[in-house]
Amino acid sequence: MGAIVHDSDGRLLLVRRSNPPGEGMWSIPGGRVESGEADEAAVTREVAEETGLSVTVGRLVGSVERPAPDGIFAIFDFECQVTSGVLRAGDDASDVAWVDSATLATLPTVDGLLGALSDWNCLPRA
(Lines give C-alpha, C1' and ligand atoms only; values in the text may rest on other atoms or scores of the structure.)
Protein backbone atom coordinates (compact mmCIF):
# COMPACT_ATOMS: atom_id res chain seq x y z
CA MET A 1 0.00 0.00 0.00
CA GLY A 2 1.11 3.52 -0.67
CA ALA A 3 0.02 7.03 0.30
CA ILE A 4 -0.11 9.96 -2.08
CA VAL A 5 -0.11 13.03 0.14
CA HIS A 6 0.05 16.68 -0.95
CA ASP A 7 0.36 19.62 1.41
CA SER A 8 -1.53 22.92 1.09
CA ASP A 9 1.23 24.23 -1.20
CA GLY A 10 0.85 21.27 -3.59
CA ARG A 11 4.11 19.60 -2.57
CA LEU A 12 4.28 15.79 -2.47
CA LEU A 13 5.31 13.79 0.60
CA LEU A 14 8.24 11.44 -0.13
CA VAL A 15 10.43 9.15 1.96
CA ARG A 16 13.94 7.88 1.23
CA ARG A 17 13.92 4.12 1.73
CA SER A 18 16.47 2.79 4.24
CA ASN A 19 15.94 -0.90 3.34
CA PRO A 20 15.51 -3.01 0.20
CA PRO A 21 13.69 -2.86 -2.07
CA GLY A 22 14.57 0.64 -3.14
CA GLU A 23 17.19 1.32 -0.48
CA GLY A 24 18.48 4.90 -0.83
CA MET A 25 15.77 5.81 -3.35
CA TRP A 26 12.84 8.17 -2.83
CA SER A 27 9.24 6.98 -2.95
CA ILE A 28 5.82 7.67 -1.50
CA PRO A 29 5.26 6.36 2.02
CA GLY A 30 3.91 2.83 2.22
CA GLY A 31 4.56 -0.82 2.83
CA ARG A 32 3.10 -4.26 3.38
CA VAL A 33 -0.37 -5.07 4.65
CA GLU A 34 -0.26 -7.17 7.82
CA SER A 35 -2.33 -10.34 8.08
CA GLY A 36 -5.97 -9.43 8.72
CA GLU A 37 -5.32 -5.71 8.22
CA ALA A 38 -7.56 -3.61 5.94
CA ASP A 39 -5.86 -1.62 3.17
CA GLU A 40 -6.82 1.73 4.71
CA ALA A 41 -5.48 0.68 8.12
CA ALA A 42 -2.20 -0.41 6.52
CA VAL A 43 -1.79 2.93 4.74
CA THR A 44 -2.52 4.86 7.94
CA ARG A 45 -0.04 2.74 9.94
CA GLU A 46 2.74 2.92 7.33
CA VAL A 47 2.48 6.70 6.96
CA ALA A 48 2.63 7.16 10.74
CA GLU A 49 5.59 4.78 11.09
CA GLU A 50 7.60 6.32 8.24
CA THR A 51 6.75 10.02 8.58
CA GLY A 52 5.25 10.73 12.02
CA LEU A 53 2.09 12.05 10.35
CA SER A 54 -1.50 10.91 10.86
CA VAL A 55 -3.64 10.77 7.73
CA THR A 56 -7.18 10.20 6.59
CA VAL A 57 -7.24 7.73 3.72
CA GLY A 58 -9.25 8.75 0.67
CA ARG A 59 -9.88 7.23 -2.72
CA LEU A 60 -7.81 4.57 -4.44
CA VAL A 61 -5.73 6.45 -7.02
CA GLY A 62 -4.14 3.52 -8.83
CA SER A 63 -2.15 0.33 -8.57
CA VAL A 64 1.16 -1.01 -9.84
CA GLU A 65 2.98 -4.33 -9.79
CA ARG A 66 6.63 -4.61 -8.86
CA PRO A 67 9.00 -7.60 -8.72
CA ALA A 68 9.39 -9.23 -5.32
CA PRO A 69 11.88 -11.86 -4.11
CA ASP A 70 9.16 -14.50 -4.18
CA GLY A 71 6.86 -13.20 -6.95
CA ILE A 72 5.11 -9.89 -7.49
CA PHE A 73 4.10 -7.08 -5.15
CA ALA A 74 0.65 -5.66 -6.00
CA ILE A 75 0.73 -2.11 -4.67
CA PHE A 76 -2.43 -0.03 -4.24
CA ASP A 77 -1.90 3.71 -3.79
CA PHE A 78 -4.42 5.89 -1.98
CA GLU A 79 -4.91 9.64 -1.83
CA CYS A 80 -4.43 10.79 1.78
CA GLN A 81 -4.86 13.99 3.78
CA VAL A 82 -2.70 14.88 6.79
CA THR A 83 -4.70 15.37 9.97
CA SER A 84 -1.91 15.80 12.55
CA GLY A 85 1.65 14.99 13.49
CA VAL A 86 5.18 16.32 13.15
CA LEU A 87 7.15 15.36 10.05
CA ARG A 88 10.13 13.13 10.89
CA ALA A 89 11.82 10.13 9.32
CA GLY A 90 11.12 6.89 11.12
CA ASP A 91 10.91 3.12 10.70
CA ASP A 92 11.97 2.21 7.13
CA ALA A 93 12.72 5.81 6.07
CA SER A 94 16.17 7.42 6.27
CA ASP A 95 14.74 10.81 5.30
CA VAL A 96 11.37 12.41 4.61
CA ALA A 97 10.45 15.59 2.77
CA TRP A 98 7.74 17.63 1.13
CA VAL A 99 8.98 18.11 -2.45
CA ASP A 100 7.99 20.45 -5.24
CA SER A 101 8.34 19.66 -8.95
CA ALA A 102 11.84 21.12 -9.23
CA THR A 103 13.14 19.12 -6.27
CA LEU A 104 11.45 15.91 -7.43
CA ALA A 105 13.28 16.18 -10.76
CA THR A 106 16.63 16.01 -8.91
CA LEU A 107 15.90 13.01 -6.66
CA PRO A 108 16.72 9.35 -7.36
CA THR A 109 13.29 7.71 -7.25
CA VAL A 110 12.17 4.09 -7.24
CA ASP A 111 11.48 2.56 -10.65
CA GLY A 112 8.15 3.56 -12.10
CA LEU A 113 7.23 6.18 -9.51
CA LEU A 114 7.32 9.23 -11.75
CA GLY A 115 5.44 7.49 -14.56
CA ALA A 116 2.68 6.28 -12.25
CA LEU A 117 2.30 9.66 -10.53
CA SER A 118 2.19 11.38 -13.92
CA ASP A 119 -0.38 8.91 -15.29
CA TRP A 120 -2.56 9.46 -12.22
CA ASN A 121 -2.14 13.29 -12.29
CA CYS A 122 -0.55 13.16 -8.82
CA LEU A 123 2.79 14.90 -9.38
CA PRO A 124 3.56 17.90 -7.14
CA ARG A 125 1.40 20.86 -8.07
CA ALA A 126 4.07 23.34 -7.00
Side-chain angles (χ1 to χ4, degrees):
M1 301 298 115
I4 298 172
V5 187
H6 291 94
D7 70 4
S8 60
D9 294 325
R11 298 175 301 174
L12 180 66
L13 180 63
L14 292 182
V15 297
R16 186 170 50 208
R17 299 268 166 232
S18 60
N19 299 306
E23 183 176 0
M25 307 294 279
W26 289 85
S27 186
I28 59 174
R32 290 193 175 111
V33 178
E34 302 293 335
S35 179
E37 188 176 39
D39 291 351
E40 292 81 0
V43 171
T44 301
R45 177 182 50 76
E46 287 288 345
V47 171
E49 289 175 359
E50 293 182 356
T51 71
L53 301 176
S54 295
V55 296
T56 299
V57 179
R59 69 181 178 91
L60 174 67
V61 174
S63 64
V64 296
E65 291 185 346
R66 296 289 177 253
D70 56 353
I72 299 285
F73 285 128
I75 304 168
F76 299 92
D77 294 328
F78 292 85
E79 186 175 72
C80 296
Q81 182 70 38
V82 173
T83 56
S84 65
V86 176
L87 187 63
R88 55 127 184 95
D91 194 34
D92 293 338
S94 62
D95 200 0
V96 62
W98 292 105
V99 300
D100 58 22
S101 296
T103 303
L104 180 59
T106 69
L107 297 176
T109 57
V110 295
D111 289 344
L113 178 67
L114 297 181
L117 292 174
S118 178
D119 289 349
W120 302 334
N121 195 29
C122 290
L123 290 167
R125 297 183 287 267

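Predicted, not measured: the structure shown is a model, and the values here were computed from it. All residue numbers refer to positions in the sequence shown, counting from 1.
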Practice problem: Treating Ile, Leu, Val, Met, Phe, Trp and Tyr as nodes and any side-chain heavy-atom pair under 4.5 angstrom as an edge, say whether Leu12 and Leu107 lie in one connected cluster. | Solution: yes

Exercise. Examine Val57 and Met1 and state if one hydrophobic cluster contains both, with Ile, Leu, Val, Met, Phe, Trp and Tyr joined whenever side-chain heavy atoms are less than 4.5 Å apart.
Key: yes

Hey, is the main chain of [Y] close enough, under 3.5 Å, to the side chain of [X] for a donor-acceptor pair?
{"X": "Ser101", "Y": "Pro124", "answer": "yes"}
{"X": "Thr51", "Y": "Ala48", "answer": "no"}
{"X": "Thr103", "Y": "Val99", "answer": "no"}
{"X": "His6", "Y": "Cys122", "answer": "yes"}
{"X": "Thr83", "Y": "Ser54", "answer": "yes"}
{"X": "Arg88", "Y": "Val96", "answer": "no"}
{"X": "Ser118", "Y": "Leu114", "answer": "no"}
{"X": "Ser18", "Y": "Asp92", "answer": "yes"}

Quiz item: Hey, is CD on Glu34 packed in by over 12 heavy atoms from elsewhere, all under 6.0 Å?
Solution: yes

Exercise. Verify the neighbour count for atom CG of Asp111: are there more than 12 heavy atoms of other residues, nucleotides or ligands below 6.0 Å?
Key: no

Nearest non-hydrogen partners of [X] and [Y], listed with the distance:
{"X": "Glu79", "Y": "Val61", "value": "N-CG2, 3.5 Å"}
{"X": "Val110", "Y": "Ser27", "value": "CG2-OG, 3.5 Å"}
{"X": "Cys80", "Y": "Ala3", "value": "SG-CB, 3.8 Å"}

Self-check item: Chi angles and distances behind the side-chain contact (heavy atoms from CB on, under 4.5 Å) call for Leu123, Leu104
Solution: CA-CA 9 Å; Leu123 290 167; Leu104 180 59; 3.9 Å; yes

Close side-chain approach of [X] to [Y], heavy-atom, < 4.5 Å:
{"X": "Asp77", "Y": "Val43", "answer": "no"}
{"X": "Asp39", "Y": "Phe78", "answer": "yes"}
{"X": "Val64", "Y": "Trp120", "answer": "yes"}
{"X": "Leu13", "Y": "Leu53", "answer": "yes"}
{"X": "Leu14", "Y": "Ile28", "answer": "yes"}
{"X": "Met25", "Y": "Thr109", "answer": "no"}
{"X": "Glu46", "Y": "Pro29", "answer": "no"}
{"X": "Glu65", "Y": "Phe73", "answer": "no"}

Exercise. Would you mind checking if Arg32 and Glu37 are paired as a salt bridge, meaning a charged N to carboxylate O distance below 4.0 Å?
Key: no

Quiz prompt | SB check Glu23 Arg17 (cutoff 4.0 Å) | solution = no

Quiz prompt | With Asp7 via side-chain contact (heavy atoms from CB on, under 4.5 Å) - residues at least two apart | solution = Asp9, Arg11, Trp98

Quiz prompt | Stepwise side-chain contact (heavy atoms from CB on, under 4.5 Å) check, Val82 with Val47 | solution = CA-CA 10 Å; Val82 173; Val47 171; over 6 Å; no

